[in-house]
Amino acid sequence: MKTAFQRLFDRSPTSMVEAPGRVNLIGEHTDYNGGFVLPTLIPQKTLVHLAPRKDRKVQLSTMDRDGHMRRFTYQIGEEHAQDAWGDYIQGLTWLYAREGINVQGFDALITSHVPMGAGLSSSAALLVAFSRALREAFSLSLTDVQIALLCQRVENEFVGARVGIMDQMAISLGDHNHALFLDTRDLSTRLIPLPWNKMDLFVINSGVRHRLSEGGGYNSRRSECEEACHLLGVKQLRDITDPDRLGSLPQLYQKRARHVVTENQRVLEAVEALQNGDMLRLGKLMQESHLSMRDDYEVSVPEIDILVEESLREPGVFGARLTGGGFGGSIVGICEPKQALLVAKHIVERARQRFDETPTILVPESF
Ligand code: GLA
């Protein structure tokens, strides 16, 4: 029987690669402030099957979970953003040309299991998976860090989302049994083992979708941080470790900066807690992080707050918080070992009675 790729393109793919989504344990909105983050990977992946062509044509197809196909075609050298999923791939070939990285046209099939708008980096998973496919197909000498940096530039310069470097680094360098401690200022990394004998992880998608490239929230938070830096006379909020130094700022900037400054400190403490197997401490830090995002950074939504609230009512849960950029998306939580599925089911059941969206459990995978 022919595969979907063979049916579409009448030949076989030469590269078959994948990249997972990520979930950030703690360290939110710190990456574009030169700060610290602590993400890990989720089981849901984006797969790319690709075969190079001899001409400059790019033929893309995506298949969603129900097997529905969408297509997108363009010529290398004629990329222009159209506010569509194909922009990510167009952005890659556009940037490669600018950087003198040589690729020809290609046919590709993308299958994504990372939900979009859920705060789990579906776009970075797509970009990193695609970069891996192009690296393999055209024998490009790109390191994993270079891949992450190029993917971030595609979002910043082509798609118009001013995202930081966390997602691309997490996906390009992370693994499932570690959290990746990343210092976004110098891109140094440390893999911190996740102590599965002491904890379990759950991720629940609220069903409220967000988009980072929209005019609203994300980009404006970023500008507010820049303004705070300007007023404080520092290059990045990372340069401030003492929240008392923020007293001179107007209230809005003070709140935004306070989140970033205290969140950086929480990431450092979270690394220590993980290393010491102190889950109560880690849970408490996650709770503080959530409150800081809700009240100071103001990126939560009522549905997310309800999910966090319901998590904390569940025995065996150490902590839970909004994960990712916010304005919707998912929560991440930690609980007693091997309890995540049970706990997550209870949380979802109770949350369903409190709001209209349908929350879904993504981690642990229940099938
Ligand atoms: C999004 C961005 C990241 C990061 C988070 C918030 O996921 O892509 O760069 O800023 O939001 O921590």
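For ligands, and for the atoms within them, numbers begin at 1 and follow the listed sequence.
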Residue pair Trp196 / Asn177: nearest heavy atoms and the distance that separates them: NE1-OD1, 2.8 Å
In a check of salt bridge (charged side-chain N to carboxylate O under 4.0 Å, His left out) between Asp296 and each of Arg221, Lys255, Arg258, which one passes? Arg258
Polar-atom distance check: Thr30 versus ligand 1, any N or O pair below 3.5 Å? no
State whether the shortest distance between N or O atoms of Asn24 and N or O atoms of ligand 1 falls below 3.5 angstrom. no
Does ligand 1 have any atom sitting under 4.0 Å from a heavy atom of Arg22? yes
Is there a side-chain contact between Ser206 and Thr360 in this structure, where contact means two heavy atoms from C-beta onward sitting under 4.5 Å apart? no
Near Asp31 (heavy-atom distance under 4.0 Å), the atoms of ligand 1 are 3 (C), 4 (C), 9 (O), 10 (O)
Provide the number and element of each atom of ligand 1 under 4.0 Å from a heavy atom of Met166. 4 (C), 5 (C), 12 (O)
Which of the atoms of ligand 1 are close to Gly164, meaning less than 4.0 Å from one of its heavy atoms? 9 (O)
Verify the ring-centre separation between Tyr218 and Tyr32: is it less than 6.0 angstrom? yes
Which ligand 1 atoms, with their elements, are less than 4.0 angstrom from a heavy-atom of Val163? 2 (C), 8 (O), 9 (O)
Less than 4.0 angstrom from a charged side-chain N to a carboxylate O is my criterion; do Glu227 and Arg256 meet it? no
N or O contact, Ser121 vs ligand 1, cut-off under 3.5 Å: no
Atom CG of Asp242: over 12 foreign heavy atoms under 6.0 Å: yes
State the atoms of ligand 1, each with its element, that fall below the 4.0 Å cut-off from a heavy-atom position in Tyr32. 10 (O)
Measuring centre to centre across the rings, with the benzene-like ring taken for any Trp, is Phe130 within less than 6.0 Å of Phe106? yes
